[in-house]
Engineer: 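Please see the structure below; I have some questions.
Quantities reported herein were computed from a predicted structural model and do not represent experimental measurements.
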Amino acid sequence: MSPGKVLQPVLKMKVDELFLCWLSQPATQLMLKDCLRRIKNEEKTEIGNGDSGNSRNERMTNKNSSQCILGDTRLPLLSFNPPQLSTTLPLATPAGPRNASNVRATRRSSGTKVVQTKKEETLQPSLSQNIPTFYFPRGCPKEKVNIDAVIAKIERTFSEFPNERATLEDMGKVAKACECPLYWKGPLFYCAGGERTGYVSVHKFVAMWRKILQTCYDDAAKFVHLLMNPGCNYLVQEDFIPFLQDVVNSHPGLSFLKEASEFHSRYITTVIQRIFYTVNRSWSGKITCNELRKSNFLQNVALLEEEADINQLTDYFSYEHFYVIYCKFWELDTDHDLYIDRKDLARHNDHAISNRMIERIFSGAVTRGRKAQKDGKISYADFVWFLISEEDKKTPTSIEYWFRCMDLDGDGALSMYELEYFYEEQCQKLDNMAIEPLPFEDCLCQMLDLVKPQYEGKITLHDLKRCKLTNVFFDTFFNIEKYLDHEQKDQFSMLRDGEGDSQEVSDWEKYAAEEYDILVAEEAASDQWNDGYEAELNPVDHQKANVLKYQMEKRPFFEMPSHLADVDLDEYDYEEDFE
């Protein structure tokens, strides 16, 4: 897919999806069974009265030669009281032997087309009127929701504030009055216009929230409505910035960042990329209500209130995970322009990734927009996707990430030629290491036995998602270090690791925890001779600020103030950042 191209929805696929959803309803199945039973009964009656039916048709043919022989075709296909079968057959259905001979004889005798019809009958109302609504894009309406009671509770909460006006600091109480998680307070405040005036009046907020309660019926729809731009029904990356900035400013687990504002934008960028990495399963760059509903993001937002240690929320908000990602990026970004090129990325993990795979990453197969390919470089946001995909190749998004890279011709399947193309460089690296590589034919047999593709001669994305050892498959073709690690393990141990689907700790969490311990150990070792310099540079509390020391110690020149309006997820103002 070309860079910047967005997948467009197909109307037929959506109609088919809605039809199958309606067809799977128990009420629909009962109705269809009843209709089939009635049709079968009518069919038996029609066969038993075949002679009388033919004589009646002949009399009607002689009476009126300008009417239709098959009768009124406007009757609904599914009806609780269907007419005789002969009146509901389509025009292309052949008539019975005797009927056909009578019609041909009549046409030959008269020399003109002969049609007949029955008297118009009263049409029954279409059954579509009786089909219950089954598609709720904004959530299924709840029957017992007293909107007036909720509004009254909100008004009582506003009465506690001066002039019945709530500031951002007061919105925690308002969020609770709205029966929302605490950290919805930022979106509630901004959606009601508080960013422009610095406060929200009771009348403006009540009008906004009443409209949401009347049109949005679950948390996903409400959250999207609070964050989205006017006229949209989805969320883009920039929509999350005010919400996450409020989390950074008010969560106790991030209080040490108040005096290190230069890291706010980097942390926010990391969290946003992790949100889209996990939630935006369509790769469209737009999170819909349905995608948000199927994810665990809102549950994690609710946990922000209960969990004081932000690092326990490893799916999206962990600061330790951000610290690892950012440090890995900074080590590669030698010129510190917050972009890395092919040579920079090739140095990751001591040149473990093959050059052919790096070329595919920079080709636009897995990067977004035109900015990502500016001067043959990728941004920090793209690196977040790369690192998570590289260290955990078992998640759906990471499998899709590497499948897109290996699918050279974009036909939706990995051919034997594409596998051999990537394996050739692996063989060259093994030769340089004085290790005899496995012939491609033997390697291919192993991989086919591992994946067990549904169709011979190609491996599809569906095949890889069914495989329990996708990490072994991918590493074999473009990561030499991990490939050698897999070769040293016995097959049974790898199978045990692959079968651990219910494991609580993912490969990414293991990697992040190990790398964070290494970085902390390096920082602790440097404390023995650099305490005085660090104390002057970083006045933040030592225990809570240890995650910043490594960065500040290695990069004392890096000063980049960040404000909410200055956060750009794709590009930064380098002239101002590095004066």
Engineer: Would a 4.5 Å heavy-atom cut-off, applied to side chains only, mark Glu509 and His321 as touching?
Structural biologist: yes
Engineer: Working to the nearest 0.5 angstrom, can you tell me the gap between Trp402 CH2 and Phe478 CZ?
Structural biologist: 4.5 Å
Engineer: Over 60° means perpendicular and under 30° means parallel, so tell me whether Tyr511 and Trp508 are parallel, tilted or perpendicular.
Structural biologist: tilted
Engineer: Taking the six-membered ring of Trp283, is the NZ or CZ of Arg404 close enough (under 6.0 Å from the centre) and on axis enough (within 45°)?
Structural biologist: yes
Engineer: Nearest 0.5 angstrom please: Asp309 CG to Leu254 CG, how far?
Structural biologist: 9.5 Å
Engineer: Do Lys393 and Phe474 form a cation-pi contact, if we require the NZ or CZ to be under 6.0 Å from the six-membered ring centre and within 45 degrees of the ring's axis?
Structural biologist: no
Engineer: Do Trp209 and Cys178 have side chains that approach each other closer than 4.5 Å (heavy atoms only, starting at C-beta)?
Structural biologist: yes
Engineer: Look at the aromatic rings of Phe297 and Phe223 and report parallel, tilted or perpendicular, splitting at 30° and 60°.
Structural biologist: perpendicular
Engineer: Whether Lys482 and Glu390 form a salt bridge (side-chain N of Lys/Arg under 4.0 Å from carboxylate O of Asp/Glu) is what I want to check.
Structural biologist: yes
Engineer: Are any of the side-chain nitrogens in Glu400 or Lys465 under 4.0 Å away from the carboxylate oxygens of its partner?
Structural biologist: yes
Engineer: For Asp344 and Tyr339, test the side chains for any donor-to-acceptor distance below 3.5 angstrom and give the result as yes or no.
Structural biologist: no
Engineer: Compute whether any side-chain donor of one residue and acceptor of the other, for Asp507 and Asn471, lie under 3.5 angstrom apart.
Structural biologist: no
Engineer: Could you walk me through whether Ser318 and Glu320 satisfy the side chain to side chain donor-acceptor pair (under 3.5 Å) test, starting with their C-alpha distance in whole Å, then the side-chain angles of each, then the deciding distance to 0.1 Å, before giving a yes or no?
Structural biologist: CA-CA 5 Å; Ser318 171; Glu320 290 181 358; 5.0 Å; no
Engineer: Can you find a pair of side-chain heavy atoms, one from Phe240 and one from Ile268, that are under 4.5 Å apart?
Structural biologist: no
Engineer: Compute the ring centroids of Tyr326 and Phe322, then answer whether they are less than 6.0 Å apart.
Structural biologist: yes
Engineer: With a 4.0 Å cut-off, would you call Lys176 and Glu305 a salt bridge?
Structural biologist: yes
Engineer: Can you find a heavy atom in the side chain of Ile272 that is under 4.5 Å from one in the side chain of Ile241?
Structural biologist: yes
Engineer: Given side-chain contact (heavy atoms from CB on, under 4.5 Å), test Tyr516 with Asn311 step by step and report yes or no.
Structural biologist: CA-CA 12 Å; Tyr516 180 76; Asn311 295 315; 5.8 Å; no
Engineer: Walk me through whether Asp333 and Phe383 qualify under side-chain contact (heavy atoms from CB on, under 4.5 Å).
Structural biologist: CA-CA 11 Å; Asp333 184 20; Phe383 181 80; over 6 Å; no
Engineer: Report the distance from atom CG of Leu168 to atom CG of Asn249, rounding to the nearest 0.5 Å.
Structural biologist: 8.0 Å
Engineer: If I take atom CD1 from residue Ile340 and atom CH2 from residue Trp330, how far apart are they, to the nearest 0.5 angstrom?
Structural biologist: 12.5 Å
Engineer: Run the side chain to side chain donor-acceptor pair (under 3.5 Å) test on Asp239 and Tyr234 for me, step by step, so that the C-alpha distance in whole Å, both residues' side-chain angles and the decisive distance to 0.1 Å come before the verdict.
Structural biologist: CA-CA 9 Å; Asp239 294 335; Tyr234 53 81; over 6 Å; no
Engineer: Can you tell me how far the CG atom of Asp218 sits from the SG atom of Cys289, to the nearest 0.5 Å?
Structural biologist: 7.0 Å
Engineer: Taking atom CZ of Arg466 and atom CD1 of Ile399, what is their separation to the nearest 0.5 Å?
Structural biologist: 11.5 Å
Engineer: Is the Phe317-Tyr183 ring centre distance short of 6.0 angstrom?
Structural biologist: no
